[in-house]
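What you see is a predicted model, and the numbers here were worked out from it, not measured in a lab.
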Number of protein chains: 2
Amino acid sequence: MRKRTRQGAAVLGALESSDGFRTAQQIHADLRADGDGIGLTTVYRHLQLLADDGAVDVLQLDGGEVAYRRCASDRHHHHLVCRSCGRSVEVACPDVGAWAQSVAKDAGFADPSHRVEVFGVCPACRRASGPGQ
Amino acid sequence: MRKRTRQGAAVLGALESSDGFRTAQQIHADLRADGDGIGLTTVYRHLQLLADDGAVDVLQLDGGEVAYRRCASDRHHHHLVCRSCGRSVEVACPDVGAWAQSVAKDAGFADPSHRVEVFGVCPACRRASGPGQ
DNA sequence: CTGCATGCAAAATGTTTGCACTCTA
DNA sequence: TAGAGTGCAAACATTTTGCATGCAG
């Protein structure tokens with residue numbers, strides 16, 4: 001059985017209060033900044049648990065880091081992620097799933113799964129650092 | 001100007017002789033096995049150069065590793081990758097690109113890009129380790 | 001000959017694990 | 001009280017960088 005601890009709640013809370021993807025390190029920093037004493041190890045462990053439970057979505061960043069996001073829907077969906085601040089929007093996948101399945105079957109590949117991510121710069125970040133000159 | 005060296009040719013050759021994604025470490029091991037003396041550092045450096053040139057496609061593996069593949073077409077495409085052996089097939093994206101663009105524009109996100117990968121188990125691997133019992 | 005390329009070793013990064021201690025149930 | 005949860009430090013794996021040497025041009 002899973003014990004209810006301050007740290008566990010803190011990690012989930014940090015995810016819920018964010019509308020974008022956060023890395024383990026970011027969450028750790030956030031919590032420390034909030035005055036919650038928590039170890040980096042514990043953050044990693046809870047994130048892993050949440051991911052295993054399917055309670056959060058996982059995203060591989062370019063640098064090899066992993067970012068997590070608490071998602072509202074249980075249904076299959078993808079994300080539109082801001083390259084700058086990590087904020088993200090859930091988007092439905094009208095037919096991408098079906099396309100992926102057919103492509104896999106077509107080549108004789110079994111047990112198909114797919115990973116789809118759309119990146120962009122959100123309006124806020126665009127305004128902040130965006131248009132430049 | 002870029003010098004033509006034995007090592008540079010070796011890295012590209014290793015990619016060309018493979019029809020799937022290979023990590024830097026795998027390529028390094030392959031070349032060493034072939035008797036080509038080459039440093040891991042050099043493999044990384046050439047892979048980076050090739051990626052910058054757009055000569056190879058890059059894939060983020062789950063473990064945070066990066067895999068590279070030499071691709072035939074210059075055109076935008078995605079991959080169907082075997083989870084087991086890394087072999088991959090290039091697949092066209094009928095409308096995924098357009099879908100991604102519209103999703104991004106819809107949310108006001110600028111400079112949209114997308115990442116799409118389909119995973120599965122290729123026939124060969126399926127036969128080898130697949131059906132199991 | 002000049003200078004980019006190489007490769008060893010060390011540093012850096014992100015994540016995981018070992019182990020003693022704490023706190024929930 | 002028992003055992004899951006915690007957290008520090010060390011282990012790990014992958015990739016990057018510093019620097020002395022080597023080879024292509």
Side-chain angles (χ1 to χ4, degrees), chain A residues 1-15 18 20-53 55-69 81 83 86 115 117, chain B residues 1-15 18 20-53 55-69 81 83 86 115 117:
Chain A
M1 191 233 179
R2 192 158 302 169
K3 292 185 182 177
R4 199 154 58 275
T5 64
R6 179 175 59 78
Q7 291 90 335
V11 170
L12 190 54
L15 283 168
S18 167
F21 280 88
R22 310 288 288 166
T23 66
Q25 315 252 8
Q26 285 176 323
I27 292 171
H28 180 238
D30 289 351
L31 292 175
R32 296 288 257 221
D34 272 357
D36 289 313
I38 189 170
L40 181 56
T41 308
T42 305
V43 174
Y44 274 108
R45 277 198 276 241
H46 277 283
L47 252 18
Q48 211 161 276
L49 285 175
L50 290 169
D52 287 348
D53 285 355
V56 296
D57 281 351
V58 182
L59 173 67
Q60 299 273 338
L61 264 31
D62 281 343
E65 299 143 276
V66 185
Y68 300 86
R69 163 162 195 189
V81 187
R83 256 191 294 270
R115 184 197 292 170
E117 279 124 31
Chain B
M1 190 236 177
R2 192 158 302 168
K3 291 185 182 176
R4 199 156 55 278
T5 63
R6 178 176 57 79
Q7 290 91 336
V11 171
L12 190 56
L15 283 168
S18 167
F21 281 88
R22 311 287 290 165
T23 66
Q25 314 254 5
Q26 284 176 325
I27 291 172
H28 179 238
D30 289 352
L31 292 176
R32 296 290 257 221
D34 274 357
D36 288 313
I38 188 172
L40 182 54
T41 307
T42 305
V43 174
Y44 275 107
R45 278 198 274 241
H46 276 283
L47 252 17
Q48 211 162 276
L49 285 175
L50 290 169
D52 288 347
D53 285 354
V56 296
D57 280 352
V58 181
L59 174 66
Q60 298 274 335
L61 262 33
D62 281 344
E65 298 143 277
V66 186
Y68 301 84
R69 166 166 192 185
V81 187
R83 255 191 294 271
R115 183 198 293 171
E117 278 125 31

The bend of the helix from C/dC1-D/dG25 to C/dA25-D/dT1, taken between the axes of its five terminal pairs at each end and rounded to 10°, is 30°

When the nearest nucleotide of DNA chain D is assigned to A/Gly37 and to B/Gln48 on a heavy-atom basis, which residue is associated with the more 5' position? A/Gly37

Rounded interatomic separation in angstrom, taking CG from A/Leu47 and P from D/dG7: 14 Å

Rounded to whole Å, the OH-C1' distance (A/Tyr68 to C/dT15) equals 9 Å

Check: residues 32-42 of chain A side-chain donor-acceptor pairs under 3.5 Å, at least two apart:
from	atom 1	to	atom 2	distance (Å)
A/Arg32	NH1	A/Ile38	O	2.4

So, taking the atom named OH in A/Tyr44 and the one named OG1 in A/Thr23, what distance separates them when rounded to the nearest 0.5 Å? 7.0 Å

Could you state the CG-P distance from A/Asp62 to D/dT16, rounded to the nearest angstrom? 12 Å

Take atom CD of B/Gln7 and atom P of C/dC4, then tell me their distance rounded to the nearest Å. 17 Å

So, does B/Glu117 use its side chain to make a donor-acceptor pair with the main chain of A/Arg115 at under 3.5 Å? no

Start at the 5' end of DNA chain D and walk down; is the nucleotide closest to A/Val43 or to B/Thr23 reached first? A/Val43

Side-chain N or O of B/Thr42 closer than 4.0 Å to phosphate OP1/OP2 of C/dG7: yes

Separation of B/Arg2 atom CZ from C/dT6 atom C1', in whole Å? 15 Å

Can you check the B/Arg45 CZ to C/dA9 P distance for me, whole Å? 15 Å

For a quick check, tell me whether the side chain of B/Thr5 and the base of C/dC4 share a donor-acceptor pair closer than 3.5 Å. no

Classify the nucleic acid contact of A/Gln25 as base, sugar-phosphate or nothing, counting any heavy atom under 4.0 Å across all strands shown. base

Quick note, A/Ile38 side chain, CB onward, closest among C/dG14, D/dG18, D/dG7 is D/dG7

To the nearest angstrom, the OH-P distance between A/Tyr44 and D/dG5 comes to 20 Å

Rounded to the Å, how far apart are A/Arg6 CZ and C/dA25 C1'? 18 Å

Between the base of D/dG5 and the side chain of A/Arg4, is there a donor-acceptor distance below 3.5 Å? no

Value for CG (A/Leu12) from CG (A/Leu47), rounded to nearest 0.5 Å, stands at 10.0 Å

Taking everything shown except A/Arg6 itself, do over 12 heavy atoms lie less than 6.0 Å from its CZ? yes

Find which nucleotide of DNA chain C each of A/Lys3 and B/His46 is nearest to by heavy atoms, and output the residue with the more 5' nucleotide. B/His46

Atom OH in B/Tyr68, atom CD in B/Gln26: separation rounded to 0.5 Å? 12.5 Å

Taking salt bridge (Lys or Arg N to Asp or Glu O under 4.0 Å) as the test, write out the residues that go with B/Arg45, two or more places apart. none

What does A/Gly8 touch in the nucleic acid at a heavy-atom separation under 4.0 angstrom: a base, only the sugar-phosphate, or nothing? sugar-phosphate

